[in-house]
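Residue numbering restarts at 1 for every chain, and letters A, B, ... go by the order of the sequence lines.
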Amino acid sequence: NAGVMQNPRHLVRRRGQEARLRCSPMKGHSHVYWYRQLPEEGLKFMVYLQKENIIDESGMPKERFSAEFPKEGPSILRIQQVVRGDSAAYFCASSPRPGDVGYTFGSGTRLTVV
Amino acid sequence: KNEVEQSPQNLTAQEGEFITINCSYSVGISALHWLQQHPGGGIVSLFMLSSGKKKHGRLIATINIQEKHSSLHITASHPRDSAVYICAVRVMGTSGSRLTFGEGTQLTVNP
């Protein structure tokens, strides 16, 4: 069991480009959570998805950010027209069901916008 | 005011010392997690608690639901314990297993 896999580990984008962050949950996990950690700040919830559904996106910025978790393949966090303030570590976590048993984090994607 | 407060923010200890990190929260919770994050690294789940006490190796975590307080203890600390320790809670009534985090405690253990 490879755990929660995030890629890429590091991503550099120029201002105005698009960033795509991928998260493959643990086998058997159908619930995915995205969190953002800005420099020198704590982790903040962004979005909660189940397969093919967005359950809670109350932490997502209203513009430029979107997330999906298709029936097949990884969950994708997409940031359009990136700005310097998007530079952060983005973590994904997964769980087999609502609740805390088996809650597992990925290693994160460090996004740098230059 | 944050819903989850940790203290201290920074902690420096000598190898072998007993360490305590505290977490207080102001909301009703379903569960509390203690997490570890090494510089530039991923997040590792240490404990998930809803009551009482758990122990794993040199780590002990306790929670007092009535007082809305949890502690993480490290016995016989070692330089490899140097990391950021994060308290996170699942707030009652929130969706799924969405977590709310404290700001973290930066622990440095010197040899």
**Full working for side-chain contact (heavy atoms from CB on, under 4.5 Å) between Thr100(B) and Phe45(A)** = CA-CA 7 Å; Thr100(B) 301; Phe45(A) 168 78; over 6 Å; no

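- In this structure, Tyr35(A) has its ring center under 6.0 Å from that of Phe101(B).
- Within a 6.0 Å radius of CZ in Arg15(A), no more than 12 heavy atoms belonging to other residues, nucleotides or ligands are found.
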Could you walk me through whether Leu35(B) and Phe105(A) pass the side-chain contact (heavy atoms from CB on, under 4.5 Å) check? CA-CA 10 Å; Leu35(B) 311 167; Phe105(A) 282 86; 3.9 Å; yes

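- Side-chain contacts under 4.5 Å among hydrophobic residues (ILVMFWY), followed directly or transitively, place Tyr90(A) together with Leu11(A), Leu21(A), Val32(A), Trp34(A), Met46(A), Val47(A), Leu49(A), Ile54(A), Met60(A), Phe65(A), Phe69(A), Leu77(A), Ile79(A), Val82(A), Leu111(A), Val113(A).
- With hydrophobic clusters built from ILVMFWY side chains whose heavy atoms lie under 4.5 angstrom apart, Leu107(B) shares a cluster with Leu59(B).
- Contact annotation for Ser58(A): only side-chain heavy atoms (C-beta onward) come within less than 4.5 Å of a heavy atom of chain B.
- The two atoms that bring Arg98(B) and Tyr33(A) nearest to each other are N-CE2, 3.4 Å, heavy atoms only.
- Atom CD of Gln9(B) is surrounded by 12 or fewer heavy atoms from other residues, nucleotides or ligands within 6.0 Å.
- To the nearest 0.5 Å, atoms OG (Ser107(A)) and CD (Gln37(B)) are separated by 10.5 Å.
- Counting heavy-atom pairs closer than 4.5 Å to chain B, the top-ranked of the candidates Gln37(A), Glu41(A), Gln50(A), Glu40(A) is Gln37(A).
- Other residues, nucleotides and ligands place no more than 12 heavy atoms under 6.0 Å from the NZ atom of Lys53(B).
- Cluster membership for Ile65(B) and Val91(B), using ILVMFWY side-chain heavy atoms within less than 4.5 angstrom, is shared.
- When all heavy atoms of Gly42(B) and Phe91(A) are compared, the pair lying nearest together is CA-CE2, 4.0 Å.
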